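Have a look at the structure below, then the notes.
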Amino acid sequence: QMELVESGGGSVQPGGSLRLSCAASGFTVGNYSIGWFRQAPGKEREGIACISTEEGWTDYADSVKDRFTISRDNAKNTVYLQMNSLKPEDTGVYYCNRYYFCSGYRSRPPLGGYWGQGTQVTVSS
């Protein structure tokens, strides 16, 4: 079965960095667009980054552009989110999921319609 497991979250001070991992099983990440999402307490989940099936093409929300970098390691079947210059407003639970195209990751449900447990990111001084 297809599964994505997020890890790598933690607590950091503003300006710090974290690298999140999205480990896939049951499918090849290179065959799908993979998006990263976050949900702050009491707020709606939002898409923040996506990497397309075509290697090297990425998309970012304005709120994280130039600070976060999404990448894919096909050998490890894992997608990463490098998060730099973290701000308190980056706090939330971070999720990854799969799509056919990055064009839909902010507005459409993911393939399968399910979300994992995510990984908690807390940015505070």
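Values below: every heavy atom of this structure, side chains too, minus hydrogens, waters and symmetry copies. Residue numbers run from 1 in the order of the sequence given. Model, not experiment: these values are computed from the prediction.
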- Cluster overlap Met2 with Tyr100, hydrophobic side-chain contacts below 4.5 Å: yes
- Task: May I ask you to say whether Glu46 pairs ionically with Arg38, meaning some side-chain N is under 4.0 Å from a carboxylate O?
- Result: yes
- Task: Flag yes if Trp36 and Leu111 sit in one hydrophobic cluster, no otherwise; membership is Ile, Leu, Val, Met, Phe, Trp, Tyr, and two members link when side-chain heavy atoms are under 4.5 Å apart.
- Result: yes
- Note on the structure: Nearest heavy-atom approach of Tyr60 to Ile70 is OH-N, 2.9 Å
Validation: residues 14-24 side-chain donor-acceptor distances under 3.5 Å, sequence neighbours left out:
from: Ser17; atom 1: OG; to: Asn84; atom 2: OD1; distance (Å): 2.9

- Message: Just so I know, are the side chains of Ile48 and Tyr94 near enough to count as touching, which here means a heavy-atom distance under 4.5 Å?
- Response: yes
- Rounded to the nearest 0.5 Å, how far does CD1 of Ile51 lie from CD1 of Ile34? 9.0 Å
- Task: If a pair satisfies side chain to side chain donor-acceptor pair (under 3.5 Å) and one of its residues is in residues 22-31, list it, with sequence neighbours excluded.
- Result: none
- Message: With a 4.5 Å cut-off on side-chain heavy atoms, are Leu86 and Phe68 touching?
- Response: yes
- With ILVMFWY side chains joined below 4.5 Å, transitively, what does Phe37's cluster contain besides itself? Val93, Tyr95, Tyr99, Tyr105, Trp115
- Note on the structure: dist Arg98:CZ -> Cys96:SG (nearest 0.5 Å) comes out at 11.0 Å
- Message: Checking Phe27 against Glu3 for the side-chain contact (heavy atoms from CB on, under 4.5 Å) test, could you report, in this order, the C-alpha distance in whole Å, the side-chain angles of both residues, the deciding distance, and whether it holds?
- Response: CA-CA 8 Å; Phe27 71 98; Glu3 185 178 19; over 6 Å; no
